[in-house]
Amino acid sequence: MTELQTLIGTVRIRNPIILSSGIWGSTYSTLNRAYKEGFGAVTTKSVGLNPRKGHPNPSVIYIPEIKSILNAVGLANPGYDAFSEELREINHEVKYSVSIFGSSSTEFQQIIQHMDNNLTGNTPIAYELNLSCPHAKKVGIAVGTDPNIVYTIVEACKVRTKVPIWVKLTPNITNIKSVAESAISAGADAIVAINTIKAMMIDIHIKKPVLGNISGGLSGQAIKPIGVRVIYDLYERFGSEIPLVGVGGISSWQDAIEYILAGATAIQIGSALIDYDAPQTLVHNILNGLNEYLSREGKSFSQLRGLAHE
Amino acid sequence: MTELQTLIGTVRIRNPIILSSGIWGSTYSTLNRAYKEGFGAVTTKSVGLNPRKGHPNPSVIYIPEIKSILNAVGLANPGYDAFSEELREINHEVKYSVSIFGSSSTEFQQIIQHMDNNLTGNTPIAYELNLSCPHAKKVGIAVGTDPNIVYTIVEACKVRTKVPIWVKLTPNITNIKSVAESAISAGADAIVAINTIKAMMIDIHIKKPVLGNISGGLSGQAIKPIGVRVIYDLYERFGSEIPLVGVGGISSWQDAIEYILAGATAIQIGSALIDYDAPQTLVHNILNGLNEYLSREGKSFSQLRGLAHE
Amino acid sequence: MNKQNRIEIPLCLTITDLVFEGEKTATFSFHLPANLELDPIPGQYFMLWLPGDDEIPISISQIENNEKIQFTICSKGQTSANFLRMNKGDLVGLRGPYGNGFDISDKEVAIIIAGGMGIAPLRFIISTLISRTQKKILLIHGARTHDELFFKEELNNTDIDIRYCTDDGSFGFHGFPTIILEEILQKAQQKNLSHEIYSCGPEKMLKGILDIVNQFNLEKNAQFSLADRYIRCGFGICGSCYLDGVGLSICRDGPVFRGDVLQKITDFGSFGRNANGSKYPL
Amino acid sequence: MNKQNRIEIPLCLTITDLVFEGEKTATFSFHLPANLELDPIPGQYFMLWLPGDDEIPISISQIENNEKIQFTICSKGQTSANFLRMNKGDLVGLRGPYGNGFDISDKEVAIIIAGGMGIAPLRFIISTLISRTQKKILLIHGARTHDELFFKEELNNTDIDIRYCTDDGSFGFHGFPTIILEEILQKAQQKNLSHEIYSCGPEKMLKGILDIVNQFNLEKNAQFSLADRYIRCGFGICGSCYLDGVGLSICRDGPVFRGDVLQKITDFGSFGRNANGSKYPL
Ligand SMILES: Cc1cc2nc3c(=O)[nH]c(=O)nc-3n(C[C@H](O)[C@H](O)[C@H](O)COP(=O)(O)OP(=O)(O)OC[C@H]3O[C@@H](n4cnc5c(N)ncnc54)[C@H](O)[C@@H]3O)c2cc1C
Ligand SMILES: Cc1cc2nc3c(=O)[nH]c(=O)nc-3n(C[C@H](O)[C@H](O)[C@H](O)COP(=O)(O)OP(=O)(O)OC[C@H]3O[C@@H](n4cnc5c(N)ncnc54)[C@H](O)[C@@H]3O)c2cc1C
Ligand SMILES: Cc1cc2nc3c(=O)[nH]c(=O)nc-3n(C[C@H](O)[C@H](O)[C@H](O)COP(=O)(O)O)c2cc1C
Ligand SMILES: Cc1cc2nc3c(=O)[nH]c(=O)nc-3n(C[C@H](O)[C@H](O)[C@H](O)COP(=O)(O)O)c2cc1C
Ligand code: FES
Ligand code: FES
């Protein structure tokens, strides 16, 4: 399937379907497996400075009626030090990006520097800055809705590493274009959107929020029309100036194409893995659907990007 | 069902289930019918200064997978003058509120003044200011995300009328609490939340946005966890200082109770009408469910509010 | 909710055939994917989306094997005119079927009254009655002029009784189909047969028919398709198409109503509402 | 996805019964609403939510008529200890059943090996084997001490063969159940019977069992329930419970694995991962 090779800035991946952060990607074995099962690239779980056990459970609830997931994992991770050891075990052919969260530009710098030093044997294709997690204090959305902070963080990361910097944005914002603009002018190599949408659920018998953290983020099919609009708006504003990675509710080849037509260069998939015993089926269905679509339309993959704007 | 009588500020309605704006409420006959079929109150379609035909079709699309609606009706309305004539035909027992949109405080004042004068026979229970429609230029969300503009508009309306002013807010915002705070300090009598969430859909064969307006707003079951969180956050911030009317994806008595436990004083229903041949079934199911729940729990309706915060 | 299968998100299909029935009217054919099993009922309609322009409600004019579906569109304004400029192979978005269709009923005689474009949905109930029942069928087919008596040839090839009329007398009876209906009902009173009346056409004509069936106390046996109003959502939510009186919608409660229900609709035959909701005289 | 019915959003049920099996272990009963038809498989687990505290994975200990469901919880840390402080009538949130359960298989003899709390899910497979098959069943039931041989009375009331063992020798054989297993398999080699092995207990013990069944080339006939790991989502999404090697999850691919699969799991029996994903030695 050479025709699905995708270029995200300077990064070439074998196909445009990427495993999104926080799904599977906590261990080297799942990252290896996901790549083996067909993803064009894989993203790690977001990693921060210190070990974090995350929020109490329930922290991940599936809502079948709307084929969506409500989660407040709370960025559980073993800290960048232990995690870089984990990532050293990733097979060399696997294209992976490391998702990072932090509360300040120095935190991001510190993590990136450490990763750069530790992962020399198998460099990630990108660092994906999680400026968008909606359910953790002082990080994620807390730093991702202020254009100035976004600028400072991205700039700080860019001076520290040659690895491309991708910036993952939140839809929980009045004007996503202005933070994207900051990120781009600070040198971001790609924009990833969207992270989950602030949401919660209350149990009417116990009369308490279900999530251990009270509130969390919604992902899955419910948010697809919201994610498509974000990508469309970003492409409308920035055109092909910056690669866009579309994420949110993608579960079929049609969904993937919708994002590409809206302006995405590539897409990520998370919640949809719930519907498949092996992601292999999901990824292959999407790749086959994409290929058939391209030959029906007589177009190359790169020609599809942003076509809905014409 | 006297026990479901609900007080929203000074407004007493026979039950807490209100028809939300833009569903049905374009004619006096549907408002009468909705009230007759059991709603505690009904809200009119949003009305503005001038007649507006709205956006080209498709403008309302049902998405069965997520039991949600994508719409960009574009505030179609006959203008306040013609609409006030329409509203004069509403039966006198019907409790209705008039939803109003505008681009400036003078526009809101002008409409309210005219309504006040024309509807003396059957005064509305409230004017609901639509500061939240996501798919019309210069109005709705365009005025509803800036705390200062919100303050000016609400204050201007309050000086013009004795009818309670309810303010309907958008979730397409970084910090909904700050606009709510503006509205409340300017004298708002209740906050209504949420309006639809910016969203869109692209047809992959035609490679164009499906909605005539390109982008629109998502409502229905997909947005329930998002709406519940907004009400929870507002109640967390304002407590019982201000009545809250919860809206977004409610389609069952369980959903209604979830909103009440989150902090809503009453709730509105829109998209769920699609699932019922007559809204009567829907409203009665909710009222019965509520009553049974209350007697199982040994509580009065007003005792339920905000219980999930304890 | 109606348990019938339905396309909700516009499904873009190529026009497989396009036949002009007259200068400003054409029938469009599409092939529905095999697995949909929509089983539409005569009188139901689809929303037809002309990308880049608008979406309009169009009755099902015919369907074969749940597969080949036809719509007959008459140019009335911007979008319908643009439809007539399309070609075989062009893409149109379809969603439907929507609304409440015609009842087949157990009456012995079916009287069908078509005015102008009203023949489109009636064509589908006629073929259905022929294939599924033994009823005697009588069609009163009116139009402004000879050229607008669409599907004449096709209908002449069936066994049904047809009475033509034109406003300008260019073919058949010179006058309105309501006059013929009145005559027929008068004669029918003498015979002991039960009648079901199916009608579609300009609302003014339907009003005339309602007045006549009322005289004969047949309002409960008369079905009317109101295909002359502004429709936006198609499923009863947006409020654009609600009728005055009891608050029924065209798009979901209709477009087919029985006469006894129509009587409660206070603006029937007198006012319509445009896209912004203001009333205009019909 | 598994087509089995499943509760995804915690369903809050009152504890209808609570029986202490030992000092730090109790069996909780709940009544499932009649219409759910969950049909759980032995070896599957539920996530049990203690509101205000946390949610933990607990194997199904028994279910009767798809209705009365039981869980046996042993106090190990904060949440499990708090469970033991609950009373009849208190509300607990349940979601499940999750995961991959035990296969019944067509082998003639079922050897069941329980270590400590591992008896809980095995109790369910035992009752299922008794009611649905004619197999000869042999249970090797081990615990640290006599008091922790839960369900002894209940199991003694069945027809199955039971061999007890305790670490401290306070009841039955003084030593690990693995020793008895080895003996039995040695004898079984002489007879011409086919065996299926079901086991649950501390991962170290399971590792010992795997080594033994390997010697007898029985790894494909041995099923292991790994009920000793951190679980968050229950449906394979969040990554918390994935095992090293081929990248299988406990929560969805497991908790029951066959021996040949377990061999590919590089951290089996040596390392676990806690809530933040870091490894700890078992
Ligand atoms: C249930 C239903 C079934 C229909 N079936 C058919 C059919 O099978 N074939 C067919 O040709 N037409 C049918 N129509 C009518 C068709 O939908 C309209 O002719 C079309 O929407 C007009 O759109 P336009 O953009 O071309 O006209 P516009 O530019 O919108 O309007 C042009 C003229 O048509 C009038 N008009 C506007 N909207 C409508 C409307 N919805 N209905 C009638 N007049 C309107 C205007 O008042 C104006 O005089 C049906 C309508 C309904 C409600
Ligand atoms: C599929 C599955 C089925 C299970 N079935 C049962 C059952 O039927 N009955 C039963 O009593 N227990 C069962 N468990 C174990 C039970 O889930 C844990 O004992 C419980 O989660 C510990 O929570 P805690 O808050 O009480 O302990 P914590 O305070 O979280 O930890 C206390 C101690 O337990 C260890 N621990 C933490 N998490 C786990 C864990 N998930 N499993 C084991 N040890 C852990 C810690 O390392 C620590 O030493 C099962 C576990 C799994 C994965
Ligand atoms: C359980 C879970 C955990 C997640 N953890 C992270 C995370 O650590 N970092 C991050 O950037 N996004 C995280 N996300 C968000 C996803 O990467 C993705 O942006 C979102 O789920 C929308 O995509 P989807 O609808 O395909 O799941 C998480 C999502 C889920 C469901
Ligand atoms: C077709 C449609 C039209 C709407 N029009 C309006 C409107 O005119 N004014 C307004 O304030 N909200 C409008 N809304 C938003 C609803 O009032 C409500 O806030 C939203 O749909 C969420 O509630 P629901 O999920 O119950 O539909 C509209 C919604 C729909 C689906
Ligand atoms: S067209 Fe929307 S209610 Fe009828
Ligand atoms: S607990 Fe989430 S993947 Fe297993």
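Note on naming: letters A, B, ... go to the chains in the order of the sequence lines (proteins, then strands), and numbering restarts at 1 for each one.
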Fill in: Top contributor to chain A interface from D:Gly234, D:Pro10, D:Gly239, D:Gly52 [non-hydrogen pairs under 4.5 Å]
D:Gly239
Worksheet item: For the atom pair NZ (A:Lys207) and SG (D:Cys12), what is the distance rounded to the nearest 0.5 Å?
Response: 10.0 Å
Worksheet item: Side chain, backbone, both or neither: which part of A:Ile69 has a heavy atom under 4.5 Å from chain D?
Response: side chain
Worksheet item: So, do D:Asp244 and A:Glu89 sit near enough that their side-chain heavy atoms are less than 4.5 Å apart?
Response: no
Worksheet item: What are the two closest non-hydrogen atoms of A:Ala76 and D:Ala275, and how far apart are they?
Response: CB-O, 3.6 Å
Worksheet entry | Interchain contact, D:Leu248 with chain A, by part (heavy-atom threshold 4.5 Å) | both
Discussion item. For the NZ atom on A:Lys95, are there more than 12 heavy atoms of other groups (residues, nucleotides or ligands in this structure) within a distance under 6.0 Å?
Written reply: no
Item to complete: Could you tell me whether D:Lys107 atom NZ has more than 12 heavy atoms of other residues or ligands within 6.0 Å of it?
Response: yes
Item to complete: To the nearest 0.5 angstrom, please state how far the SG atom of D:Cys233 sits from the CD1 atom of A:Ile274.
Response: 7.5 Å
Worksheet item: Roughly how far, to the nearest 0.5 Å, is the OG atom of D:Ser240 from the CG atom of A:Asn57?
Response: 8.0 Å
Fill in: Distance in Å, A:Ser26 OG paired with D:Arg232 CZ, rounded so as to fall on 0.5 Å steps
8.5 Å
Item to complete: Could you give me the CA-CA distance, side-chain angles and deciding distance for A:Ile61 and D:Arg95, then say whether side chain to side chain contact (heavy atoms under 4.5 Å, CB included) is met?
Response: CA-CA 9 Å; A:Ile61 294 291; D:Arg95 60 185 177 101; 3.6 Å; yes
Item to complete: Considering only heavy atoms and a distance below 4.5 Å, find which of A:Gly22, A:Pro58, A:Ala82, A:Gly212 pairs most often with chain D.
Response: A:Pro58
Worksheet entry | Segment of A:Asp203 engaging chain D (4.5 angstrom heavy-atom cut-off) | side chain
Worksheet, complete the sentence: Cut-off 4.5 Å, heavy atoms of chain A, and the answer for D:Thr79 is neither
Worksheet item: So which part of D:Ile231 gets closer than 4.5 Å to some heavy atom of chain A, the side chain, the backbone, both or neither?
Response: backbone
Worksheet, complete the sentence: Closest non-hydrogen atoms of A:Pro56 and D:Asp53, given as atom of the first, atom of the second and distance, are CB-O, 3.7 Å
Worksheet entry | Pick from D:Gly236, D:Gly247, D:Ser278 with the largest number of heavy-atom pairs that fall under 4.5 Å of chain A | D:Gly247
Item to complete: Measure distances from A:Ser271 to the heavy atoms of chain D and classify the residue's part below 4.5 Å as side chain, backbone, both or neither.
Response: backbone
Item to complete: Of all the heavy-atom pairs spanning A:Gly270 and D:Ile237, show the shortest one and how long it is.
Response: O-CD1, 4.0 Å
Worksheet item: To the nearest 0.5 Å, what is the distance between CZ (D:Arg6) and OH (A:Tyr62)?
Response: 9.5 Å
Worksheet item: Would a 4.5 Å heavy-atom cut-off, applied to side chains only, mark D:Ile9 and A:Met201 as touching?
Response: yes
Worksheet item: Could you give the distance from CD (D:Glu55) to CG (A:Leu211), rounded to the nearest 0.5 Å?
Response: 10.0 Å
Practice prompt. Could you tell me whether D:Lys279 atom NZ has more than 12 heavy atoms of other residues or ligands within 6.0 Å of it?
Written response: yes
Discussion item. Quick check: do D:Tyr242 and A:Leu31 have side-chain heavy atoms less than 4.5 Å from each other?
Written reply: no
Item to complete: Go through A:Thr281, A:Ile206, A:Ile23, A:Thr27 and name the one with the most non-hydrogen pairs under 4.5 angstrom from chain D.
Response: A:Ile206
Response to the item:
If one checks every heavy atom of A:Phe83 against chain D at 4.5 Å, the contacting part turns out to be neither
Fill in: Atom of D:Gly245, atom of A:Ser29 and distance for their closest heavy-atom approach
N-OG, 2.9 Å
Discussion item. Please classify the contact of A:Glu86 with chain D as side chain, backbone, both or neither, using a heavy-atom distance under 4.5 Å.
Written reply: side chain
Worksheet entry | Closest approach of D:Asp253 to A:Arg33 (non-hydrogen atoms, all atoms of both residues) | OD2-NH1, 3.7 Å
Fill in: Heavy-atom pair of closest approach, residues D:Gly277 and A:Pro78
C-CB, 4.3 Å
